[in-house]
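Report on one structure; see the data block that follows.
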Amino acid sequence: MCSDIGTTSRVCAMYSFTGIIFTLYVGVLLQTQPFFITGIDDISTAKSNAFGAMGMFIATFGISLFGIMRTSGDKTDDLEGEGFQLGTVTSVSSRSAGDYAASRYD
């Protein structure tokens with residue numbers, strides 16, 4: 001799945017962006033309305049942990065963007081200079097009735 005740095009960076013960037021959004025939501029929720037999240041003993045520690053996790057996701061996102069930009073210039077067009085040859089086109093009137101039973105990929 002992730003055989004090169006570019007693909008791995010794209011996957012990590014998506015994951016990090018999702019993590020940034022989620023931890024931002026949790027941090028803002030803890031800052032503005034902490035009573036909606038039950039089971040937390042120290043709200044200030046939970047806020048700092050949420051924003052600290054968001055900082056780690058931002059750092060991972062930045063490193064992923066660096067990996068994407070670093071490998072974006074490496075790929076060239078695969079079709080360029082390969083010498084692909086298109087098949088010949090036959091008109092419908094030159095086909096016999098038996099040709100229609102054949103596979104279209106022949």
Side-chain angles (χ1 to χ4, degrees):
M1 182 174 132
C2 295
S3 61
D4 62 343
I5 296 294
T7 305
T8 305
S9 295
R10 284 179 185 85
V11 170
C12 285
M14 279 193 315
Y15 176 74
S16 298
F17 182 73
T18 305
I20 290 167
I21 298 299
F22 178 73
T23 53
L24 177 67
Y25 172 73
V26 171
V28 168
L29 191 64
L30 284 171
Q31 189 171 1
T32 58
Q33 299 173 340
F35 51 87
F36 280 126
I37 301 176
T38 60
I40 296 177
D41 295 331
D42 189 11
I43 294 171
S44 63
T45 304
K47 274 193 295 190
S48 67
N49 287 340
F51 289 124
M54 186 177 74
M56 294 302 292
F57 278 119
I58 289 171
T60 305
F61 186 74
I63 293 169
S64 299
L65 287 180
F66 175 74
I68 291 170
M69 291 188 326
R70 183 173 172 245
T71 59
S72 66
D74 293 346
K75 297 194 179 203
T76 59
D77 192 10
D78 292 338
L79 298 177
E80 203 172 293
E82 290 290 326
F84 287 104
Q85 187 175 16
L86 299 175
T88 58
V89 177
T90 58
S91 65
V92 176
S93 61
S94 66
R95 291 185 178 175
S96 65
D99 288 341
Y100 291 109
S103 173
R104 66 181 185 161
Y105 298 107
D106 288 343

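For the single chain, residues carry numbers from 1 onward in sequence order.
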Considering residues, nucleotides and ligands other than I5, do more than 12 of their heavy atoms fall under 6.0 Å from its CD1?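 No, CD1 of I5 has 12 or fewer neighbouring heavy atoms, counting only those of other groups under 6.0 Å.
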With Y15 via ring-ring contact (aromatic ring centres under 6.0 Å, His included) - residues at least two apart: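 With sequence neighbours excluded, Y15 shows a ring-ring contact (aromatic ring centres under 6.0 Å, His included) to F57, given in chain and number order.
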Can you measure from [atom1] ([X]) to [atom2] ([Y]) and round to the nearest 0.5 angstrom?
{"X": "T71", "Y": "R10", "atom1": "OG1", "atom2": "CZ", "result": "5.5 Å"}
{"X": "M54", "Y": "N49", "atom1": "CE", "atom2": "CG", "result": "13.0 Å"}
{"X": "C12", "Y": "I68", "atom1": "SG", "atom2": "CD1", "result": "9.0 Å"}

Taking S72 for its side chain and M69 for its backbone only, find out whether a donor-acceptor pair lies under 3.5 Å.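 Yes: the side chain of S72 pairs with the backbone of M69.
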With a 3.5 Å distance limit and no angle check, can you tell me whether S48 reaches the backbone of T45 through a side-chain donor-acceptor pair?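 Between the backbone of T45 and the side chain of S48 there is a qualifying donor-acceptor contact (under 3.5 Å).
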Test side chain to side chain contact (heavy atoms under 4.5 Å, CB included) applied to F17 - qualifying residues, sequence neighbours left out: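 Applying side chain to side chain contact (heavy atoms under 4.5 Å, CB included) to F17 gives I21, F61.
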Those residues that, when tested against S44, pass side chain to side chain donor-acceptor pair (under 3.5 Å) (two or more places apart):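 Listed in chain order: D42.
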Got a list of side-chain donor-acceptor pairs under 3.5 Å for residues 26-38, not counting sequence neighbours?
| from | atom 1 | to | atom 2 | distance (Å) |
| --- | --- | --- | --- | --- |
| T32 | OG1 | V28 | O | 2.8 |

